[in-house]
Amino acid sequence: MARPQTDIEAGRAELLNVVDDLVRKRGAVDISMTDLAAAAGMSPSNLYRFFDSKEALLEAVAERFFEEKSTIMVEVTESALPVRDKMYQYFARRFEVMVQKYEAEPDLLKSYLEIGQQHFEVVRGYVDLGDHYLSLIVAEAMEQGYFQGLSIDETVSLVNQMVQCYTNPEAIIYIGTGKLKVEKLALIVDAMFNGLGAQASAESTKEPHIKIVS
């Protein structure tokens, strides 16, 4: 008899907690389905009822790792915020999530980053998803006269390069949270809106700066 879907989801969530524990103990060492089954106190055959392959397990790990950021991207792009503030919140809120994870368990974050590098084909979809939502904000800004003379793809690429320190978790590790402040991010976003593309109109350059929301 098949397990109810709610039982499957609860079992998967508990197994992902076991993965967390294994990563804490062993670092970024590859975790086999046999290892996970043993750590969870179940048979490998029972484990496959929750994840039908190692790939499915890795996809679930990535989904949970990016879950909060994915929610933020949807909330911000669907919000009624002015487009400058929308761009700022899009990066600032996700940056704050990374900082919280790093400050709570720096070694766990480092290990998951290594695992992500080892299995980048699983992570790539979330990187592309970030560009998708950013392009929505860029398109909205273009409708209001910003980023003139640039395509959406060009603008997305430039924006990503300018805020890389706030989107790359490794930057937090190497630069430190003391130097990466959301106040600086707000200035960067203002500079992008005022400087990228053709000369901004007089009206747009007179707009008030972004209000930082904690």
Side-chain angles (χ1 to χ4, degrees), residues 5-6 8-24 27-28 31 50-51 55-81 83 85-138 140 156 159-160 163-178 180-186 188-189 210-214:
Q5 187 61 29
T6 52
I8 293 292
E9 291 173 356
R12 286 174 178 165
E14 184 56 38
L15 285 167
L16 291 176
N17 290 336
V18 176
V19 172
D20 279 348
D21 290 338
L22 284 172
V23 174
R24 287 188 184 97
I31 298 171
F50 297 97
F51 299 106
E55 290 71 24
L57 172 63
L58 289 171
E59 287 171 1
V61 169
E63 181 180 10
R64 185 158 84 162
F65 184 85
F66 288 102
E67 181 177 16
E68 192 170 1
K69 290 183 180 181
S70 298
T71 299
I72 289 170
M73 291 190 293
V74 173
E75 289 178 352
V76 172
T77 53
E78 293 182 353
S79 73
L81 287 168
V83 72
D85 293 279
K86 188 175 291 190
M87 180 81 80
Y88 165 73
Q89 291 290 343
Y90 181 76
F91 291 111
R93 287 181 58 186
R94 291 185 298 149
F95 170 71
E96 289 171 342
V97 167
M98 288 196 301
V99 170
Q100 290 166 7
K101 287 185 176 181
Y102 176 69
E103 292 181 341
E105 293 188 88
D107 290 337
L108 182 63
L109 178 61
K110 291 176 186 177
S111 294
Y112 271 123
L113 291 178
E114 290 182 37
I115 292 171
Q117 291 172 351
Q118 295 165 12
H119 301 281
F120 186 69
E121 70 281 358
V122 178
V123 176
R124 184 186 299 276
Y126 292 94
V127 176
D128 293 341
L129 188 64
D131 283 350
H132 165 72
Y133 283 110
L134 176 56
S135 69
L136 297 180
I137 299 174
V138 168
E140 181 180 342
V156 167
V159 169
N160 279 332
V163 300
Q164 186 179 24
C165 289
Y166 291 89
T167 58
N168 183 354
E170 293 185 357
I172 296 175
I173 298 170
Y174 295 115
I175 298 176
T177 57
L180 294 174
K181 298 292 187 181
V182 291
E183 291 84 357
K184 293 180 180 178
L185 175 61
I188 292 170
V189 173
I210 293 165
K211 294 180 181 178
I212 299 172
V213 180
S214 59

Verify, without hydrogens or angle tests, whether Arg94 (side chain) and Lys69 (backbone) share a donor-acceptor contact under 3.5 angstrom.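 Not confirmed, Arg94 side chain does not pair with Lys69 backbone.
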Flag side-chain contact, heavy atom, 4.5 Å: [X] against [Y]:
| X | Y | answer |
| --- | --- | --- |
| Phe50 | Leu16 | no |
| Tyr88 | Leu81 | no |
| Pro169 | Tyr102 | no |
| Phe65 | Leu109 | yes |

Separation between [atom1] of [X] and [atom2] of [Y], rounded to the nearest 0.5 Å:
| X | Y | atom1 | atom2 | answer |
| --- | --- | --- | --- | --- |
| Phe91 | Ile137 | CZ | CD1 | 7.0 Å |
| Asn160 | Asn168 | CG | CG | 11.0 Å |
| Ile173 | Glu170 | CD1 | CD | 6.0 Å |
| Ile172 | Leu180 | CD1 | CG | 7.0 Å |
| Glu55 | Glu121 | CD | CD | 8.5 Å |
| Asp20 | Ser111 | CG | OG | 10.5 Å |

If you compare all heavy atoms of [X] against all heavy atoms of [Y], which two are closest, and at what distance to 0.1 Å?
| X | Y | value |
| --- | --- | --- |
| Arg64 | Ala13 | NH1-O, 3.8 Å |
| Val122 | Ala62 | CG1-CB, 3.8 Å |
| Tyr90 | Leu134 | OH-N, 3.5 Å |
| Cys165 | Ala171 | O-CB, 3.4 Å |

Over 12 non-hydrogen atoms of neighbours within 6.0 angstrom of [atom1] in [X]:
| X | atom1 | result |
| --- | --- | --- |
| Phe120 | CZ | yes |
| Gln117 | CD | yes |
| Arg24 | CZ | yes |

Option passing side chain to side chain contact (heavy atoms under 4.5 Å, CB included) with Phe51 (candidates Val61, Leu57, Leu58):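 Answer after filtering Val61, Leu57, Leu58: Leu57.
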Working for side-chain contact (heavy atoms from CB on, under 4.5 Å), residues Val76 and Met87: CA-CA 8 Å; Val76 172; Met87 180 81 80; over 6 Å; no
Do the charged groups of Lys101 and Glu68 touch, with an N to O distance under 4.0 Å?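 Between Glu68 and Lys101 there is no salt bridge, as every charged N stays at least 4.0 Å from the carboxylate O atoms.
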Look at the rings of Tyr166 and Phe95 and say which category their plane angle falls in: under 30° parallel, 30 to 60° tilted, over 60° perpendicular.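 Tyr166 and Phe95: perpendicular rings.
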Just do the side-chain contact (heavy atoms from CB on, under 4.5 Å) check on Ile8 and Arg12 with the steps written out, would you? CA-CA 6 Å; Ile8 293 292; Arg12 286 174 178 165; 3.5 Å; yes
